[in-house]
Amino acid sequence: MRVEGPETKIARDLLAHYDVHARRLPWRAPPGTNAADPYRVWLSEVMLQQTTVAAVGPYFARFTERWPDVAALAAADDADLMAAWAGLGYYARARNLLACARAVARDHGGRFPDTEAGLRALPGVGAYTAAAVAAIAFGRRAVVVDANVERVVARLFAIATPLPAARPAIRDAADRITPDARAGDFAQAMMDLGATVCTPRNPACGICPLRSDCAAFATADPAIFPVRPAKRAKPHRTGHGWWIERDGHVWLVRRPDTGLLGGMRGLPSSDWGDAPDATPPVAADWRTLADPVRHVFTHFSLSLTMHHAHVGDDVTPDGAGEWWPVARIGDAGLPTLFARAAQAVRREQDARN
DNA sequence: CAGGCGTGGTG
DNA sequence: TCACCAAGCCT
């Protein structure tokens, strides 16, 4: 008779816990069924990259309602898809999502590759997402390592090497505890555990099904794992934005495909930096909002000073853009910064009337 | 390979 | 208020 090693016990205990406590999420097959749809798994995984379950929920519902399968998504209009993604952030994901759907439709007969390597070759699918889809949608044994798994594993084995140097050791340890069967459930169970029990701060070790096998639980402070490097301070930038209104319409531009907010609609704005040029795009009787719109991006914070004016029917700003109905500004698919800038301008206009 | 790349929840 | 951090990927 085979003696069960500690690695096997971890998977067994975790799966038993998962069978009772698994979160019910829209992209998961209902309990007792085995019907994970690769399209929905892939879509959810891309949306969940660096994004919380709560934020993804409504987007996932809207996307699957509007584009129920990969063929429908592949046929989507680029601007429609970018607008539907607005507010979710990391907009390169939306561009890659469309490129991936089209690659699946064109190069794979409309079916997702069912191997980790095949998935990994698709746009926007990295090591994590390829492993997750292979395991969850196709039942493959794959080592799925996201930030949750990283934290759980670093604690289970009390890995004290700081990130990112600890990644190879964490990956090896995750490989050792990943079972041959139910690798998809195991991955989701690890992520559920990280999200609800083995949290970054104040982990709930008292209710953790793995505490008897957890090296960090045996220490004074389990929460110190994984050890993270200190972060650099965010620089602050300033900029100017312009709300140009003409006969109930506002002038919107499309941002370049690469870089910050790439491919998204936006309000015309200056460069953002230490002392940006504040020359307006058109001559007009400009009014300036007293309070700049403040916004925090991943690697800098921004104060955007908003200017607004009405122009005559014969005026059109230089460069590419479109007059968008002010009453439908909510449908323009503005990323959050510009949505808030628009809101600030309209509030000011309302207050003056 | 270190840094660019959004946003919102949380303690 | 503010720092931290999230089901990462790409270059």
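Note that this is a predicted model, so its numbers are computed, not measured. Convention: sequence-line order gives letters A, B, ...; per-chain numbering from 1.
- In this structure, A/L261 reaches the sugar-phosphate backbone alone: every heavy-atom distance under 4.0 Å involves primed, P, OP1 or OP2 atoms, never a base.
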Distance-only donor-acceptor hits, side chain of residues 327-340 of chain A, under 3.5 Å, sequence neighbours excluded:
residue, atom, partner, partner atom, Å
A/R340, NH2, A/R294, O, 2.7
A/R340, NH2, A/H295, ND1, 3.3

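- With sequence neighbours excluded, no residue forms a ring pair (Phe, Tyr, Trp, His ring centres under 6.0 Å) with A/H236.
- In this structure, the side-chain contact (heavy atoms from CB on, under 4.5 Å) partners of A/D69, at least two apart in sequence or on a different chain, are A/A71, A/A72.
- Annotation: side chain to side chain donor-acceptor pair (under 3.5 Å) contacts of A/T288 (sequence neighbours excluded): A/H307.
- Heavy-atom distances under 4.0 Å link DNA chain B to no residue of residues 154-177 of chain A.
- A/W324 is linked by a ring pair (Phe, Tyr, Trp, His ring centres under 6.0 Å) to nothing, counting only residues two or more places apart in sequence or in another chain.
- Considering only side-chain N and O atoms, A/H295 lies nowhere under 4.0 angstrom from the phosphate OP1 or OP2 of B/dG6.
- Screening residues 104-162 of chain A for ring-ring contact (aromatic ring centres under 6.0 Å, His included) gives A/W42-A/F112 as the qualifying pairs, with residues at least two apart or on separate chains.
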Heavy-atom protein contacts under 4.0 Å, nucleotides 6-11 of chain C, coded B base, S sugar-phosphate only, - none
BBBSS-

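- Residues meeting the side-chain contact (heavy atoms from CB on, under 4.5 Å) test with A/D313, sequence neighbours left out: A/R246, A/D247.
- Within 4.0 Å (heavy atoms only), A/G262 reaches no atom of the nucleic acid at all.
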